[in-house]
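Okay, so here's the structure we're looking at.
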Protein chains: 2
Amino acid sequence: MKIGEAAREAGLPVKTVRYYADIGLVAPQGRSTGGYRDYDRPEVARLRFVSRARRFGFSIPECRELLSLYEDDGRESADVKRLAEAKLAALDARLEELTDLRDELARVATACAGDGRPDCPILDRFAGDGDDQGPLSAES
Amino acid sequence: MKIGEAAREAGLPVKTVRYYADIGLVAPQGRSTGGYRDYDRPEVARLRFVSRARRFGFSIPECRELLSLYEDDGRESADVKRLAEAKLAALDARLEELTDLRDELARVATACAGDGRPDCPILDRFAGDGDDQGPLSAES
DNA sequence: CTTGAGTCTCCTGTTGCTGGAACCTTTATA
DNA sequence: TATAAAGGTTCCAGCAACAGGAGACTCAAG
């Protein structure tokens, strides 16, 4: 099948599928006489696989690794689990960071009158000469 | 003061401060005879301000806007609040997305034996021909 | 035969920097 | 005074992961 159909089945933009072919992540089975990329079932499955893994936050290099594990019948599930758990830890860290951020932003936004006057706790917070340690303040 | 000190006080890499000068976000007060960028108190304050706003997830254009509000004595706090609340909503959406992701990844990771055998629910999940709707599955 | 949809390659732009090369200024020390 | 180290300067390239568009093609239908 041609790239359009493959892309549709994988739930990816055509541009992305072409990109994946370019970087050698998921190569088409071959080319038609007209020079069109030709995808078959296994390639579409790989595309779907990558599409899912990407949505799970795995980077392209990580997808490459996962894909090779996916294709490897002799793999050990421990290898996959290791990858997943590292990703999970990174995700947790990012989540905590974002949550703290959100909470503080919510706090200053609530404190801001939001009227016609110029006083604004949000700007004050950004301007303040307080802590500058981490990526966000704890100030419990 | 020279760029190095300004950067240190603002808690930013020198490269970044130079970049901010290039894009006209925070311009130095002037140049020394030797051609060195010369920063003063107000510019350092602006740098700190931007540094903080960036950590809160505001984009460069948004920082530009916040900065102009910050400098504008006749501003209305409503303008700032509007920006902050939009950012908050975006943050919440992103958080929910990430949380769902995290939960599902945790689920499959837990289900994976992580031993020497090749069976792996994680890969199965990526390969599966189930839902392909949203950026992540609900499957409650 | 023509039209239109889909495909091809190639180039540029995105966001917010970061690293490096090659050179220049300033400061401290021998 | 010479010189070396530290810290400036400019410019150019590259990162992730594509997206948009130009200009040329292939292919199926009418």
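Naming: A, B, ... by sequence-line order, numbering from 1 per chain.
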Heavy-atom side-chain proximity of B:Arg52 to B:Arg55 below 4.5 angstrom: yes
A:Val26 side chain reached by A:Phe49 side chain, heavy atoms, under 4.5 Å: no
Set of residues satisfying salt bridge (Lys or Arg N to Asp or Glu O under 4.0 Å) with respect to A:Glu62, sequence neighbours excluded: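 With sequence neighbours excluded, A:Glu62 shows a salt bridge (Lys or Arg N to Asp or Glu O under 4.0 Å) to A:Lys87, given in chain and number order.
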Heavy-atom protein contacts under 4.0 Å, nucleotides 8-24 of chain D, coded B base, S sugar-phosphate only, - none: SBB------BBSBB---
Salt bridge (charged side-chain N to carboxylate O under 4.0 Å, His left out) partners of residues 65-85 of chain B, not counting sequence neighbours, each pair once: B:Arg46-B:Glu71
Backbone N/O of B:Cys120 and side chain of A:Ser77: donor-acceptor pair under 3.5 Å: no
Side-chain N,O (A:Ser32) to OP1/OP2 (C:dC8) below 4.0 Å: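 No, A:Ser32 has no side-chain N/O under 4.0 Å of OP1/OP2 on C:dC8.
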